[in-house]
Amino acid sequence: TNWSGDAFPKLQDFAPGTGFDHLKKIKRLYTEIDFNAKDHPTVDETGDKIDCVICFDVGRNDEIDDIRRRYPNLSVVGSGVGEILEEDRVGLKKICKRLGLDVNDYVIKKGIDDLAEYSKSNKDIYAKIDIFRQSMETIHLDTFENCVKDQVFEKLKVEFGPVFSKTVPFLVEKAIPSDVEGGFDGWFCPSSGWMGKCFCGYEISKGPYLTRVRDYNDLPTQIKKTMDAFIPVLNALDYRGFVSTEEKIMKDGKHYLLDWCSRLLNPGSALYPYAIKNWDELNYSIGHNKMCEAKIEYKYYGALPLWSEEGKTQYVHIQVEPKYRKQVLFMGVCSDGKDFYSIKGKESMVTLVAGANRWQDVVSQLYELLDHVKFEGMEKSYASNLDRFEGLIKEGNKLGLDF
């Protein structure tokens, strides 16, 4: 991962990971790595061999593919060209249609004025754009009048500016009438397909995540149909890495793939190194295009991210009781060797993680963990979203998700 994509980097760009002895941070990849070494590149300074390259996110397609071609004996983990499944929303819908999956009707609107005009005669719609996740997440346009009142279109124009406000294409679709939105999280490599163990559960608005460990062949019918359909696509893309999906489940048996992430879901995936006891072996094997069975202790896992508004303007001191350190995972911090601090400019602080053989016990653990971490600006009331899982699970069970 790049520590900065900016020609004028800030100290904060390089700060994450500082003070952790087990991490080596390289300022300039191509001056410190010998990519001419046979089979495996080496670090010039030490002569140590690089035995695994992992890209946990998207946006590094060219490098992943280049390294994979140049070093066929090196373990290289990442979606590679498969990142297109996330970044091209219209393309994904066309693939779903070709695969025989249910596809919600959609239109493309060019520019913010066109989007606003469409919302005058179309209520309860959702709009998305490709690639630029930080510029705009999915937005819900309930009515034109409410959007004007909340200055939705004006705020978008400020974000996109005078040029892109006129040209950005929006994928727009009607709301799907279902409160049940299930998610799949798993790993794929062409030689073996989907790894034997995977996760299937619920995420609430980029917040709390509650999931059940499943054998792939024991997935709910609707979700398994979707993941099965994509196997030939992923094989063709030489996809070796993580996949996270969101899918609307309907009473009439239909199911609509809303989003495909060619990466680990954020922030819920913070729990994977905690839940998967052979996390390193799993990743290494996938990079080599080999099957590896994940070793997972419990039936259910959950994650609860915590944020602070204070993080926008200052480094925030994060205090964790040592006994609970393994269940309080940092979201990009630096350290002086003793204390831990969030990075100035980032609101994300930590993610609490828990596992148990009853989902109710997972939720209870997450609530308990709140009392063992402290930082300025922590809002505990946000955790009340954990109470929503009971209702989601009941509704999902009615539709065959069998949580």
Side-chain angles (χ1 to χ4, degrees), residues 1 17 20-24 40 48-57 64 67-68 71-80 82 183-201 209-219 224 227 231 234 238-245 261-303 324-331 350-359 361-362 365-366 369:
T1 180
F20 290 80
D21 292 339
H22 61 281
L23 294 178
K24 175 178 173 60
H40 293 253
D48 288 343
K49 183 179 72 171
I50 296 174
D51 52 15
C52 186
V53 175
I54 302 181
C55 178
F56 287 112
D57 214 320
I64 289 294
I67 294 172
R68 194 169 280 158
Y71 300 100
N73 296 323
L74 181 65
S75 173
V76 183
V77 185
S79 57
F184 168 88
D185 299 287
W187 294 260
F188 186 93
C189 68
S191 71
S192 308
W194 296 108
M195 299 292 106
K197 296 286 185 183
C198 56
F199 296 87
C200 185
Y209 173 58
L210 186 65
T211 191
R212 175 180 168 180
V213 180
R214 313 289 297 240
D215 290 320
Y216 178 78
N217 289 326
D218 188 40
L219 279 171
K224 186 173 185 298
M227 308 323 298
I231 289 175
L234 299 179
D238 191 22
Y239 197 110
R240 303 183 205 177
F242 328 96
V243 171
S244 179
T245 68
C261 295
S262 299
R263 52 182 168 86
L264 293 172
L265 82 157
N266 181 45
S269 58
L271 72 83
Y272 293 155
Y274 170 78
I276 302 173
K277 303 307 178 185
N278 59 335
W279 174 244
D280 51 356
E281 180 190 8
L282 177 68
N283 284 288
Y284 185 75
S285 297
I286 290 170
H288 270 310
N289 196 16
K290 295 179 180 178
M291 168 62 84
C292 178
E293 185 73 18
K295 297 177 181 178
I296 304 174
E297 183 176 359
Y298 297 112
K299 184 177 179 179
Y300 297 99
Y301 286 90
Y324 299 94
R325 177 64 183 85
K326 289 185 178 180
Q327 288 182 267
V328 180
L329 304 181
F330 298 125
M331 296 174 66
V350 299
T351 297
L352 311 181
V353 299
N357 287 322
R358 296 175 67 250
W359 67 262
D361 294 337
V362 172
Q365 282 187 51
L366 292 174
L369 286 168

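Bear in mind that the values here come from a model prediction, so they are computed numbers and not experimental data.
The shortest heavy-atom contact between Asn278 and Cys292 is ND2-SG, 3.7 Å. Shown here for Ala270 and Leu329, the closest heavy-atom pair between the two residues is O-CD1, 2.8 Å. Heavy atoms only, all atoms of each residue included: Lys197 and Val213 are closest at CD-CG1, 4.3 Å. A pairwise comparison of heavy atoms in Leu219 and Cys198 identifies CD2-SG, 3.8 Å as the closest pair. Taking every heavy atom of both residues into account, Asp361 and Arg358 meet most closely at OD1-NH1, 2.8 Å.
Here Leu282 contributes atom CG and Met195 contributes atom CE; the two are 7.0 Å apart, rounded to the nearest 0.5 Å. Note that SG of Cys200 and CE of Met227 are 10.0 Å apart. Values are rounded to the nearest 0.5 Å. A distance of 12.0 Å separates OH in Tyr239 from SG in Cys189, rounded to the nearest 0.5 Å. Note that the CH2 atom of Trp187 and the OH atom of Tyr272 stand 5.0 Å from one another [nearest 0.5 Å]. Atom CZ of Phe330 sits about 11.0 Å away from atom OG1 of Thr351, to the nearest 0.5 Å. Taken from OH in Tyr324 to CD in Gln365, the straight-line distance is 10.0 Å, to the nearest 0.5 Å.
At distances below 3.5 Å, at least one donor-acceptor pair connects side-chain atoms of Asn289 with backbone N or O atoms of Ser191. With hydrogens and angles disregarded, no donor-acceptor distance shorter than 3.5 Å links the side chain of Ser75 to the backbone of Cys52. Proximity of a side-chain donor or acceptor of Gln327 to a complementary backbone N or O of Leu352 within less than 3.5 Å is not detected. In this structure, the side chain of Arg212 does not engage the main chain of Gly201 through any donor-acceptor pair within 3.5 Å. Not one N or O on the side chain of Glu297 forms a donor-acceptor pair closer than 3.5 Å with the backbone of Ala275. Side-chain N or O atoms of Thr245 include none that pairs as donor or acceptor with a backbone N or O of Gly183 at under 3.5 Å. No donor-acceptor distance shorter than 3.5 angstrom exists from the side chain of Asn357 to the backbone of Tyr298, with no hydrogens or angles considered. No donor-acceptor pair under 3.5 Å is formed between the side chain of Asp51 and the backbone N or O of His40. Without hydrogens or angle criteria, Arg68 side chain to Val76 main chain gives a donor-acceptor distance under 3.5 Å.
Side chain to side chain, Asp185 and Tyr209 meet the donor-acceptor criterion of an N or O pair below 3.5 Å.
You'll find the ring centres of Trp279 and Tyr284 outside the 6.0 Å limit.
The shortest distance between side-chain heavy atoms of Val77 and Phe242 falls below 4.5 Å. Counting only heavy atoms from C-beta outward, the side chains of Phe199 and Ile276 approach each other to under 4.5 Å.
Remark: Tyr300 engages no residue in a side chain to side chain donor-acceptor pair (under 3.5 Å) (not counting sequence neighbours).
A cation-pi geometry, defined here as NZ or CZ lying under 6.0 Å from the six-membered ring centre and within 45° of its normal, holds between Lys277 and Tyr274.
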